[in-house]
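Let me begin by presenting the structure, written as structure tokens, before commenting on it.
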2 protein chains.
Amino acid sequence: MVTRKEVAEKAGVSVSVVSRAMNNSGYVEAEKKKRILEVADKLGYYPHPVAEALQKRRTKQLLFFCKDLRNSFYIDMYQGMVEAARKRDYMMVFNGSMDFEKIRDAMIDGIIMPNEVVTQHYLDTVGRNYRLPVIAASYGNPARFSRAVPRVEIDMEKVMELAVRELRANGHKRLALAMPYPFRTMDVRRLAFCSLMEEVYGNRIKDYYIGIHREELPEDPRILAFQEDEDRESGMYLPEEDFFGKGELAAQLFAERKIDATAVVAFNDEFALGMCKRFHALGIQVPRDISLIGIDGSSARKYRDPCLTSVGLFPEKQGARCVDTLLDMLEGKKVKYVSGSPIKLIKGDSVRKLE
Amino acid sequence: MVTRKEVAEKAGVSVSVVSRAMNNSGYVEAEKKKRILEVADKLGYYPHPVAEALQKRRTKQLLFFCKDLRNSFYIDMYQGMVEAARKRDYMMVFNGSMDFEKIRDAMIDGIIMPNEVVTQHYLDTVGRNYRLPVIAASYGNPARFSRAVPRVEIDMEKVMELAVRELRANGHKRLALAMPYPFRTMDVRRLAFCSLMEEVYGNRIKDYYIGIHREELPEDPRILAFQEDEDRESGMYLPEEDFFGKGELAAQLFAERKIDATAVVAFNDEFALGMCKRFHALGIQVPRDISLIGIDGSSARKYRDPCLTSVGLFPEKQGARCVDTLLDMLEGKKVKYVSGSPIKLIKGDSVRKLE
DNA sequence: CTGAAAGCGCTAACAG
DNA sequence: CTGTTAGCGCTTTCAG
């Protein structure tokens with residue numbers, strides 16, 4: 001392996017001059033600099049990133065701590081991070097194994113958490129005595145962080161408002177909400193939906209809520225909504241959920257319970273697509289018999305027809321903002337404790353205009 | 001930050017004893033070891049991964065160099081890698097930005113390449129004078145590596161054979177192949193298909209090949225089959241392709257050209273799903289009017305009904321094997337230059353039994 | 001402008 | 001069994 005020392009010898013200078021030449025820091029005679037760079041190039045020299053990191057106490061790597069790789073929402077988010085990091089000469093590293101302990105073995109300068117639940121878990125365990133800067137992507141879900149963590153937040157209340165407004169604009173009055181969790185779960189979508197529909201439904205709102213309970217799930221090892229009873233009670237859930245499968249189940253429940261809603265807001269696009277499929281199998285046509293609106297704006301919308309109408313959350317933008325905030329922190333800049341990320345309705349063909 | 005030195009002082013020993021105690025290497029009095037571990041724990045000490053890496057010349061990180069994140073095939077492959085790496089106490093790092101230059105800034109012990117094309121690109125550029133161990137996932141595509149690189153290979157000829165056999169077993173005689181590339185492209189699927197169908201079609205084989213040419217692609221920036229004319233001529237292509245969109249186009253071409261095949265083998269599942277969608281839009285029913293078989297066994301098969309029949313490639317297994325081979329190399333073991341990865345037909349409902 | 005020297009936090013001989 | 005010592009490859013004062 002060729003080191004700075006070797007370059008220095010061949011160029012007839014000392015290592016420190018080479019260092020300065022390579023980093024454009026401090027003084028070095030123009031003539032010499034040129035020669036050094038030439039020698040380095042000829043030798044195929046390239047600085048050793050680990051040594052550099054040790055000395056500078058900067059690895060130039062950021063971790064996106066996310067296990068839920070099969071969820072394209074997070075993949076999109078990661079793409080946004082990669083791009084933002086690249087612009088500031090950082091590398092975005094992805095860790096697919098959800099193992100908090102191992103986080104301390106990672107050579108990183110900071111961590112981005114995918115949601116409130118994971119953030120809280122982290123802060124309550126390893127994060128207690130590991131004080132690397134942390135940023136959380138968040139969605140307005142109730143969570144109590146034991147330490148101040150800047151969040152880049154998507155305003156889910158507004159998302160729900162957009163969805164409901166779109167349905168109402170198309171003449172829908174009786175709307176249902178389909179979720180992968182029981183009613184009692186403190187999910188911001190459910191809370192927002194309830195507050196928006198309260199004046200219409202009053203206390204009959206539960207009749208228009210389709211939730212998947214653990215007991216109802218088929219015996220599929222992938223479908224594991226809750227790991228511990230404790231988690232279930234606290235309304236927490238862990239990732240790697242089969243939203244599509246749960247969506248199918250939700251459509252089934254919707255049909256069985258003969259809910260008289262004309263439109264459904266689904267937890268997310270994956271969930272909505274699952275509903276679509278099952279509706280189709282049950283002979284219920286979207287949007288003729290039932291209108292459907294998803295949340296995410298994911299590219300998976302394309303798989304089914306009619307194309308799903310959805311509230312786009314632009315996870316790439318959220319991801320990019322997470323990175324920028326984190327890097328600002330590392331540079332010692334003051335950062336906002338909460339910053340927002342844009343949303344927008346993406347029209348498809350799954351909402352019918354009622355006369 | 002708490003270091004080994006600090007722990008040593010509090011425990012009244014020297015740093016080397018602490019080192020030995022923590023790594024279970026060399027001798028250290030049982031009593032002392034216990035005390036040291038206690039002190040370390042109380043201080044919340046955790047070894048500095050960068051310093052360790054510098055000294056041991058082992059970062060315990062492996063890179064999966066893959067930009068095509070939206071392709072679930074590679075995501076599955078990555079999952080397999082993560083698991084295999086975890087078992088051997090390694091961390092699998094994912095780099096989503098296709099920038100060969102930046103690879104040298106990554107703190108890694110080895111690299112896994114997603115396919116032959118990327119491997120070759122790498123070897124011809126940065127890989128020239130950066131000799132980190134490399135493993136390539138491969139598919140029997142023609143490629144000339146300028147350096148010996150162990151490959152974990154999926155036998156695409158056998159894959160094609162399985163697909164064709166399944167269709168024939170269901171009574172299909174006239175089979176077509178649908179690909180995202182022109183006929184001249186040296187893709188192993190096309191070559192295998194040609195050799196399998198030669199005796200049936202002779203030189204009419206081109207009539208049963210549906211290929212997407214660059215000129216036929218709609219003006220979608222994402223749809224960029226070839227970056228350079230040079231690449232196109234050499235039959236190379238770069239990732240991030242919209243296989244779904246091209247599949248739609250292929251179905252269109254199939255219908256327009258009134259090909260009299262009763263079944264189609266599609267490039268991959270994504271491509272097949274695109275075909276499904278367009279066929280549906282054109283009023284051509286799968287499998288009633290046309291049978292369809294995909295390649296991959298991807299989870300996206302679930303999105304559409306009928307469920308796609310596909311040849312499963314089990315990318316997780318391929319990924320896991322890549323990692324194991326790479327780690328064996330790092331441990332100085334002798335590794336096979338080419339190793340295989342299993343395949344299997346996954347039955348769905350997209351192939352009709354002909355009378 | 002340059003080079004010697006002192007580390008970054010950790011490991012691994014090697015005497016004691 | 002233990003401590004001293006010499007690095008891993010790089011950066012950064014700080015005298016010259």
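To find a chain, count down the sequence lines: A is the first, B the second, and so on, and within it residues start at 1.
Note: CG (A:Asn24) to P (D:dT11) measures 12 Å, nearest angstrom. Per the geometry, CE belonging to A:Met22 stands 17 Å off C1' belonging to D:dT12, to the nearest Å. Note: OH (A:Tyr27) to P (D:dT11) measures 19 Å, nearest angstrom.
Taking the six-membered ring for Trp and thresholds of 30 and 60 degrees, A:Phe100 and A:His121 have ring planes inclined between 30 and 60 degrees apart.
Judged by distance alone, with hydrogens and angles left aside, the side-chain atoms of B:Gln61 form a donor-acceptor pair with the main-chain N or O of B:Met107 at under 3.5 Å. Without hydrogens or angle criteria, B:Tyr78 side chain to B:Leu69 main chain gives no donor-acceptor distance under 3.5 Å. Although no hydrogens or angles enter the test, the distance criterion places a donor-acceptor pair under 3.5 Å between the side chain of A:Arg58 and the main chain of A:Leu330. For A:Glu116 (side chain) and A:Asn141 (main-chain N/O), a donor-acceptor pair under 3.5 Å exists by modelled atom type.
Between A:Arg88 and A:Asp328 there is a salt bridge, since a side-chain N of the basic residue sits under 4.0 Å from a carboxylate O of the acidic one. With respect to A:Asp109 and A:Arg57, no salt bridge is recorded, no charged nitrogen being found less than 4.0 Å from a carboxylate O.
Comparing the axis of the opening five pairs of the helix from C:dC1-D:dG16 to C:dG16-D:dC1 with that of the closing five pairs yields an angle of 50°, rounded to 10°.
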Footprint string (nucleotides 5-16 of chain C, 5' to 3'): B base within contact, S backbone only, - free, heavy atoms under 4.0 Å: --BBBBBBB---
From CA spacing to verdict: salt bridge (charged side-chain N to carboxylate O under 4.0 Å, His left out), A:Arg35, A:Glu38: CA-CA 5 Å; A:Arg35 199 175 67 225; A:Glu38 270 170 25; over 6 Å; no
